[in-house]
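Step one of this worksheet: look at the structure below.
The basis for the numbers below is simple: all heavy atoms, side chains too, and nothing from hydrogens, waters or symmetry mates.
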Amino acid sequence: EAERGGEPLSEKEDRQNSFGPAYGFRYDRGAVSSVSSPMPHRFKSLLKCPVRMSVFKHPPLPMGMAHFINNVLPGFKRNASGFPTLHMHPLSCTFETGVKVFQFESRGKSLIVRLRPETGLVPAPSELQRLLRAPCARVDYPFAHRGRVVAVHTADVKYLQGGQTVQNNPREHEALVRQLTQDQRRKGLALDFGPAAYLNSGAGDAAAGAGQGRRGGHSSADETWLLPLAEVKLAEASYIDAEGRRQHSFQASGSELRLLHLVREEGEDEEALRGRRPPQRCSLSTTLRFLQAMASVQAGPYTALRHLMSRVLESLQDLRPHQCFFLLQAMSRLRIKHPKSPLILQHMSLAWRTLPPKKLVKAANAVAKLDLGGHLWAKPLKLSLWRTLSQFSGKHFANLKAITVIELLDDPEALRAYLDRAEELRGYVRYSRHLRMIEIHVHLLHPELWESLDDQVRLFLQQVRTAAEQSSEGDWPTAQRSTRGRRRQSRWGRSRVDSQGANGSASEDEASDSDSNSDGSDNLGARRKPVFDRQRFSSALHEDISRVLSGCLGIEHHNKLAAGPLTVDMCHVPTMTVVEAAAPWQFYARSPQMTALARRRQELLRAMGFKIVRVPYHRWESLDTDDAKVEFLRGKLPAELLPAVAAH
């Protein structure tokens, strides 16, 4: 083909381009040789070249060796750490698609190196502080660069040099982690964490800042986003000081983010790391007992609790029915919705009737609050609960939460059976709010059932409603009302009665339906309780949104306005617009998903005819100025309110 485009090669050029023996070239000052240029019109020939050329031959391999050693040779001495190696962590490999070559995704399958760190998803705080104190670190994999770690980012906490910590934004952290892991995946590198690595994660604030697997075995997308990140400044130059020590000059400005598991302290002995004895795993019963203890006080690092749940769910087939009950109770109290929770329902599908009535009621409450009522495997629990209604004593029947009846007794005939039984056991109905919530649910969402109820049942519900309304209007003696208010203020951390006498605010809905004594705040994140007017507002978030609505937008509204058994946060009555301050307790822990209680509450408000505007706490906290908050609310408020806002 080359000859067709020009003159054929000469005999000399043919010899130059033919295959022949390999040559070795060695510098020799005394050697004088000439090398003619194959392209004299472009490159000059070399005359007096001090290089000696000789035929190169490989030395023969030792007997019994079929190929070269795929490693450095024995006796090798590493002058500086950071020698390229794949063995930073235990590894395996797979052949998959998705690897990019020259910015184009390869069509065929490529080799994926899968690292399996043994240090846990989130290392202990002492490990993080040690890395921050290190004068130099090895960055990247497998070809290491030198750098210095100036900060470590976890999902909720950012560790700085000098032992300082600041809050981190979980959503921003998740986006950064996903971007970095995807970039590494396109280069053919992936991090996998088995269950043992989860249990090895550090406790304390480091674990609290990380924490959520959908697909067991490999680390799922839910749990990968919890990976910590190292903020590093890369070295620009290295030199040897007067004392013979190696020093580095780092970037004066700007830093880069790396996955923490691909960063190591300079000079760290990897062989010693791999030789560490792995921590012993405790028994299943001990793990479950510890999880129960942490759930009873609603405290503990989220990551550690999450990993304990994963540890228990790994051995779900070995759990007895009463142990599954305790596990559901713990998950409900901690508001942790594990993606493998439906497996508990599947495991218990034939065992619900074996639970005593007290445990069956509490287990049903937990399943409903974990928003598992719509799952296919919840059907056996629904049938068991329905068939056992007539056998419940008054005490056990009264312990059924409104959310449990709405979520699990969703069949119209089951709801009828519940209301009939409530009328029979009317003497045990001491807390009327659950029954009022069920009444309004049936009235608004099941009108045909409501019309078909017996007159005796309707009269009973009317009496309950009337008694509750009279009590909220202040018919109790002053001393009794004051004592009751103090008791609830102490228990829930907020007043149940506002300045207008309306009860059942959004914060209340979560608290009053809880089996715990939490005030609704995210105890797992160790949040400091904010200071706000608890008589007028349900949360500090509510107070701030109300301030922006009235002070910046000029929208007059009512705070904590009663709407039947509910109390809305903010309401613009002329347009029937409700602005809900979605505080942390309206979400599952470390999750953007609303709880079943919050979802059903909004469902009832919409059925009443209200237009709902939700302001999630994490979105509001990301807005730094009042101008940004005003623009956010402008985009959320309905069109009926916009003319008034524009006029203001």
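- Judged by distance alone, the side chains of Gln456 and Glu423 do bring a donor and an acceptor atom under 3.5 Å apart.
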- Message: Apply side chain to side chain contact (heavy atoms under 4.5 Å, CB included) to residues Val568 and Val579 and explain how you reach the verdict.
- Response: CA-CA 8 Å; Val568 298; Val579 180; over 6 Å; no
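- The side-chain heavy atoms of Asn169 and Glu621, taken from C-beta on, include no pair separated by under 4.5 Å.
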- Derivation and outcome, salt bridge (charged side-chain N to carboxylate O under 4.0 Å, His left out), residues Arg458 and Glu451: CA-CA 10 Å; Arg458 287 197 196 178; Glu451 294 295 333; 3.7 Å; yes
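- Rounded to the nearest 0.5 Å, atoms CG (Leu425) and NZ (Lys395) are 14.5 Å apart.
- Rounding to the nearest 0.5 Å places CG of Leu415 at 8.0 Å from CD1 of Ile438.
- The closest side-chain heavy-atom distance from Lys611 to Leu605 is not below 4.5 Å.
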- Does the pair Ser341 and Leu372 meet the rule for a side chain to side chain contact (heavy atoms under 4.5 Å, CB included), with working shown? CA-CA 8 Å; Ser341 302; Leu372 298 175; 3.9 Å; yes
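- Contact of the Leu345 side chain with the Trp352 side chain is registered, since non-hydrogen atoms from C-beta on lie closer than 4.5 Å.
- A side-chain donor from one of His572 and Thr575 sits under 3.5 Å from a side-chain acceptor of the other.
- For Gln593 and Arg599, the side-chain atoms include no donor-acceptor pair closer than 3.5 Å.
- Surrounding CG of Leu350 are at most 12 heavy atoms belonging to other residues, nucleotides or ligands under 6.0 Å away.
- Checked against the 6.0 Å centroid threshold, His618 and Phe587 count as a close aromatic pair.
- At a threshold of 4.5 Å between non-hydrogen side-chain atoms, the residues Arg614 and Gln602 count as touching.
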Check residues 378-386 and write down every donor-acceptor pair under 3.5 Å in which the side-chain atom is one partner and the other belongs to a residue at least two apart or another chain.
unit_1, atom_1, unit_2, atom_2, d
Lys382, NZ, Gly373, O, 2.9
Lys382, NZ, Asp410, OD2, 3.1
Ser384, OG, Pro380, O, 2.9

- Task: Start with the C-alpha gap between Met437 and Leu604, add the side-chain angles, then the distance that decides, and say whether side chain to side chain contact (heavy atoms under 4.5 Å, CB included) holds.
- Result: CA-CA 9 Å; Met437 291 287 292; Leu604 290 177; 3.7 Å; yes
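- The local environment of CZ in Arg289 is sparse, with at most 12 non-hydrogen atoms from other residues, nucleotides or ligands closer than 6.0 Å.
- A 4.5 Å side-chain heavy-atom check between Pro301 and Arg306 finds every atom pair outside the cut-off.
- Cation-pi contact between Arg534 and Phe532: present, with separation from the ring centre below 6.0 Å and deviation from the ring axis of at most 45°.
- Separating the CG atom in Leu319 from the CD1 atom in Ile344 is a distance of 8.0 Å, to the nearest 0.5 Å.
- Under the rule for a salt bridge (charged side-chain N to carboxylate O under 4.0 Å, His left out), the partners of Arg465 that lie at least two apart in sequence or sit in another chain are Glu439.
- A salt bridge (Lys or Arg N to Asp or Glu O under 4.0 Å) check over residues 540-556, counting only residues at least two apart or in different chains, returns the pairs Asp544-Arg547, Asp544-Lys629, Arg547-Asp626.
- When only modelled atom types and interatomic distance are considered, His557 and Ser546 share a side-chain donor-acceptor pair under 3.5 Å.
- For the atom pair CD of Gln323 and NE2 of His347, the computed distance is 8.5 Å after rounding to the nearest 0.5 Å.
- Note on residues 318-330: no pairs pass salt bridge (Lys or Arg N to Asp or Glu O under 4.0 Å), not counting sequence neighbours.
- Ion pairing between a basic and an acidic side chain is recognised when a charged N comes within 4.0 Å of a carboxylate O; Glu424 and Arg421 show such pairing.
- Lys359 pairs by the salt bridge (charged side-chain N to carboxylate O under 4.0 Å, His left out) definition with nothing, not counting sequence neighbours.
- When side chains are defined from C-beta on, Val613 does not count as touching Val578, because their heavy atoms never get closer than 4.5 Å.
- For Phe290, the CZ atom is loosely surrounded, since the number of other residues' heavy atoms within 6.0 Å does not exceed 12.
- In this structure the side chain of Asn168 never reaches within 4.5 angstrom of the side chain of Thr154, judged on heavy atoms.
- Rounded to the nearest 0.5 angstrom, Leu313 CG and Leu327 CG are separated by 5.5 Å.
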- Does the salt bridge (charged side-chain N to carboxylate O under 4.0 Å, His left out) test come out yes or no for Glu174 and Arg171, once each step is laid out? CA-CA 5 Å; Glu174 177 180 1; Arg171 287 184 173 272; 5.6 Å; no
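- By the neighbour-count criterion of 12 heavy atoms within 6.0 Å, atom NE2 of His443 is sparsely surrounded, having that number or fewer from other residues, nucleotides or ligands.
- For the pair Phe460/Asp420, no side-chain contact is recorded, criterion being any heavy-atom separation below 4.5 Å from C-beta on.
- For the residue pair His396 / Ser393, a side-chain donor-acceptor distance below 3.5 Å is found, with atom types taken as modelled.
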- Query: Yes or no on side chain to side chain donor-acceptor pair (under 3.5 Å) for Gln463 and Arg426, after CA distance, side-chain angles and deciding distance?
  - Reply: CA-CA 11 Å; Gln463 292 172 348; Arg426 58 193 307 162; 2.4 Å; yes
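- One distance of note links OG of Ser332 with NZ of Lys337; it measures 12.0 Å at 0.5 Å rounding.
- Applying the ring pair (Phe, Tyr, Trp, His ring centres under 6.0 Å) test to residues at least two apart or on different chains, none of the pairs has a partner in residues 593-615.
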- Message: Between Phe632 and Val615, does the side chain to side chain contact (heavy atoms under 4.5 Å, CB included) criterion hold? Intermediate values first, please.
- Response: CA-CA 9 Å; Phe632 174 78; Val615 182; 3.8 Å; yes
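- A salt bridge is absent between Glu407 and Lys369; no separation between the charged side-chain nitrogens and carboxylate oxygens falls under 4.0 Å.
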